[in-house]
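To start, the structure itself, in structure tokens.
Keep in mind that this is a model prediction, so the values were computed, not measured.
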Amino acid sequence: MQVDLSGRCAIVTGSTRAIGRGIARALAKNGANVVVHGRNEADVRRVVEEIKADGGTAYGCAGDLAKIATLDELIRAATSRGGLDILVNNGAVTDTFGPFLEVTDARVDEILAVNLRGTILLSLRAARVLA
């Protein structure tokens, strides 16, 4: 699908692999400036370079979505480059499969901190910018 996103800025969390990477690349291909996010700095740089090599514009932001500083930095990365138009909450802790009875309290806390709390708090920050 071709959509003109020229001049738009998108944050895509969890965009260093799989679906998130595909979304980030597609947005950039359609003209959006993309803030690439992942936990690993080297992975973030790799995807930023892939987008740039394809003629797109991308910026990187590595960090843990459970940390307020990461959420604030994602918003700063977008707004310092002209604004925020698109937020894709793709980042999540996904390696949670295994025997249910072996899940620890700490693991539940981590999943909730990233998948629920981080998503809600980033969405609130983005909504304040978009409003």
Are side-chain heavy atoms of Tyr59 and Val36 found at a separation under 4.5 Å? no

Please check if the number of heavy atoms outside Ile19 that lie under 6.0 Å from its CD1 is greater than 12. no

Carboxylate-amine/guanidinium contact Glu49 Arg46, below 4.0 Å: no

Should Arg45 and Glu41 count as an ion pair when the cut-off is N to O under 4.0 Å? yes

Heavy-atom closest contact (Ser123 atom, Asn89 atom, distance): OG-ND2, 2.9 Å

With a 4.5 Å limit on heavy-atom distance, are the side chains of Ile86 and Val88 in contact? yes

In terms of side-chain geometry, is the basic nitrogen of Glu50 or Arg21 positioned less than 4.0 Å from the acidic oxygen of its partner? yes

Counting neighbours of CZ on Arg17 that are heavy atoms of other residues, nucleotides or ligands and sit closer than 6.0 Å, is the number greater than 12? no

Taking the side chain as every heavy atom from C-beta outward, state whether Val12 and Val35 have any pair of such atoms under 4.5 Å apart. no

Could you tell me whether a side-chain N or O of Asn115 sits under 3.5 Å from a main-chain N or O of Ala92, the two making a donor and an acceptor? no

Close side-chain approach of Leu74 to Asp72, heavy-atom, < 4.5 Å: no

Counting only N and O atoms by type, is there a donor-acceptor contact under 3.5 Å from the side chain of Thr13 to the main-chain atoms of Gly91? yes

Does the His37 side chain pair with the main chain of Ser15, one donor and one acceptor, at a distance under 3.5 Å? no

Donor-acceptor contact present, side-chain Asn30 to main-chain Leu5, <3.5 Å: no

Asp43 side chain to Thr16 main-chain N or O, any donor-acceptor pair under 3.5 Å? no

Charged N to carboxylate O under 4.0 angstrom, Arg39 versus Asp64? no

Can you check whether Gly56's main-chain N or O pairs, donor with acceptor, with Asp54's side chain at less than 3.5 Å? no

